[in-house]
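Notes for the one structure printed next.
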Amino acid sequence: MKHFMRMVVKVWIYFYCICLWRFLKFILRKLTGRCELQRICYKNKPGAGRTLKIESSLKSSKSKLLQNAPAAHPDAIEKTIEDILTLKKVNLDTNPQLAVSLQACLLQIVGYRNLTVEIEKLRREAFDSEDPQHEEMLLKLWKALKPNVPLEARISKQWCEIGFQGDDPKTDFRGMGLLGLYNLVYFAEKDPTSALQILSDSLQPKSSKMSKTEWEMKKFDKAIGYSFAIVGINITDLAYNLLISGALKTHLYNVAPEAPTLHHFQQTFCFLMHEFHKFWIEEDPLDIMEFNRVRNKFHKHILKQLQNTDMALCPHFAASESLINL
């Protein structure tokens, strides 16, 4: 009975707050002569701060037109904005910039939604060794990370040299599907200096103060560093969860002037790989068994940064410029 009463009270408070908020919006509209969308656009600079508030306003509106706006087709955004301004009785002659601001916000909102669909599709598509395009992309990864070392066979222990677990990388892509491979290839090709340096560092002993004898004894100890490719797939999972949870909206709404794309997501992945590498060094774990602890701490660190609506994780990212050399 107590549980039921608590639920009733919570529901009552919820509806009370909605009614109160709508009443306040009505009063503000009368006092200022502006609807909520106008007030948000005029009081907030372009970026996540503005777009997040516009998104919240649209979703919480009692109008079906506004509620459905975030799901509009990209080609219908301009018409959707016109319909919203007509519904809100906004005079464009006295508010010429409003349509432009709303359109930019809606492009970001719709773009983020479509990006999550695209990313989910890539994640769900399994690596198929019978697909020539999949195989070609995998070989691209090898050539980018091992440009001077020919791959002796498709099934080979050589794959361990770039951080896969066995002699056939396809088994390591099960969790993230093609998304993991896409990200690794993008990083290796778009920022080869960083990718090669991080790969090299990941194969080194944890301590740089070892004697030559100690180095020779420990350089093949996998527990000292981490597996580059496996960590790349793991960081892909982290980036994917940031995207799906909505946490990445702060960053993408600040770096993408219009619709966020796969390119923006992959740039973010490159940044996360670079930052995780530095974070791993700073944490100084005893061995690879501490990976989950370090990853979880890193995840919380990034989430904390994304709570700031002015945050852009990598506005002008160039990992090579600040990479730590071990």
Side-chain angles (χ1 to χ4, degrees), residues 14 17-18 21 36-37 40-41 43-74 77 80-81 84 101-124 175-177 179-180 182-183 233-273 275-276 295-315 317:
Y14 172 75
C17 290
I18 289 178
W21 175 240
E36 184 179 38
L37 297 177
I40 292 172
C41 286
K43 289 183 180 179
N44 297 274
K45 63 182 180 181
R50 176 191 286 178
T51 303
L52 287 169
K53 288 178 180 178
I54 291 291
E55 186 172 13
S56 176
S57 178
L58 293 173
K59 290 180 177 179
S60 63
S61 174
K62 60 183 179 181
S63 165
K64 288 294 182 182
L65 172 63
L66 271 66
Q67 288 177 15
N68 295 332
H73 189 278
I77 287 178
T80 301
I81 295 298
I84 290 174
S101 298
L102 282 178
Q103 185 168 338
C105 290
L106 199 53
L107 279 169
Q108 289 184 317
I109 294 166
V110 171
Y112 191 96
R113 182 175 179 271
N114 291 339
L115 177 60
T116 60
V117 173
E118 182 181 6
I119 293 296
E120 183 62 31
K121 184 179 178 182
L122 283 173
R123 188 188 72 85
R124 288 177 177 271
M176 284 288 107
L179 183 61
Y182 267 57
N183 279 351
I233 294 170
N234 208 287
I235 296 301
T236 294
D237 176 70
L238 189 149
Y240 164 79
N241 281 294
L242 289 173
L243 180 76
I244 297 300
S245 69
L248 210 53
K249 286 180 180 180
T250 304
H251 163 66
L252 291 178
Y253 288 168
N254 281 328
V255 298
E258 294 186 346
T261 64
L262 178 62
H263 171 70
H264 293 109
F265 179 79
Q266 291 180 313
Q267 277 189 324
T268 306
F269 166 77
C270 293
F271 171 81
L272 290 173
M273 278 292 287
E275 290 300 299
F276 179 79
R295 182 195 182 278
N296 290 338
K297 190 173 180 180
F298 177 70
H299 188 192
K300 290 177 181 177
H301 169 69
I302 296 297
L303 282 174
K304 186 175 181 181
Q305 288 185 312
L306 291 171
Q307 289 174 1
N308 178 3
T309 55
D310 292 327
M311 173 55 65
L313 293 176
C314 46
F317 174 62

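- Across all their heavy atoms, Glu120 and Ile244 have their closest contact at OE1-CD1, 4.4 Å.
- Annotation: salt bridge (charged side-chain N to carboxylate O under 4.0 Å, His left out) contacts involving residues 234-256, sequence neighbours excluded, comprise Glu55-Lys249, Asp237-Arg295.
- To the nearest 0.5 Å, atom NE2 of residue His251 and atom NE2 of residue His264 are 8.0 Å apart.
- For the pair Gln108 and Pro260, the tightest heavy-atom approach, listed with the atom from each and the gap, is O-CD, 3.6 Å.
- Between the CD1 atom in Ile302 and the CZ atom in Phe271 there is a gap of 5.5 Å [rounded to 0.5 Å].
- Considering all non-hydrogen atoms of both residues, Asp310 and Asn254 come closest at C-ND2, 3.5 Å.
- With Ser57 contributing its side chain and Leu37 its backbone, the two residues share no donor-acceptor pair below 3.5 Å.
- Glu258 places no side-chain N or O within 3.5 Å of a backbone atom of Leu107 that could act as its donor or acceptor partner.
- Between the side chain of Thr51 and the backbone N or O of Ala48, no donor-acceptor pair lies under 3.5 Å.
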**Message:** Would Leu242 and Leu303 count as a side-chain contact (heavy atoms from CB on, under 4.5 Å) here? Give the steps.
**Reply:** CA-CA 8 Å; Leu242 289 173; Leu303 282 174; 3.5 Å; yes

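- Residues Asn183 and Phe269 share a closest heavy-atom pair of O-CE2, 3.3 Å.
- Atoms CG and SG, from Leu52 and Cys105 in turn, are 9.5 Å apart once rounded to the nearest 0.5 Å.
- Atom OG1 of Thr268 sits about 13.0 Å away from atom CD1 of Ile235, to the nearest 0.5 Å.
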Cut-off 3.5 Å, no hydrogens considered: what does the side-chain donor-acceptor table look like for residues 110-118, sequence neighbours left out?
residue, atom, partner, partner atom, Å
Tyr112, OH, Leu243, O, 2.6
Asn114, ND2, Val110, O, 3.4
Thr116, OG1, Arg113, O, 2.5

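- For the pair Leu248/Leu313, a side-chain contact is recorded, criterion being any heavy-atom separation below 4.5 Å from C-beta on.
- Residue Arg123 holds its CZ atom at 3.5 Å from OH of Tyr240, rounded to the nearest 0.5 Å.
- In this structure Lys297 satisfies the side-chain hydrogen bond (donor to acceptor under 3.5 Å, both in side chains) test together with Glu283, sequence neighbours excluded.
- Between the CZ atom of Arg124 and the CG atom of Leu179 there is a distance of 12.5 Å, given to the nearest 0.5 Å.
- By the 4.5 Å heavy-atom criterion applied to side chains, Leu122 and Leu262 are counted as neighbours.
- Counting only distance, with no hydrogens or angles, the side chain of Arg50 and the backbone of Asn44 share a donor-acceptor pair below 3.5 Å.
- Leu272 and Phe298 get closest at one heavy-atom pair: O-CZ, 3.7 Å.
- Checking side-chain atoms of Gln103 against main-chain N and O of Ile77 turns up no donor-acceptor pair under 3.5 Å.
- The nearest pair of heavy atoms linking Leu102 to Cys41 is CD2-SG, 3.9 Å.
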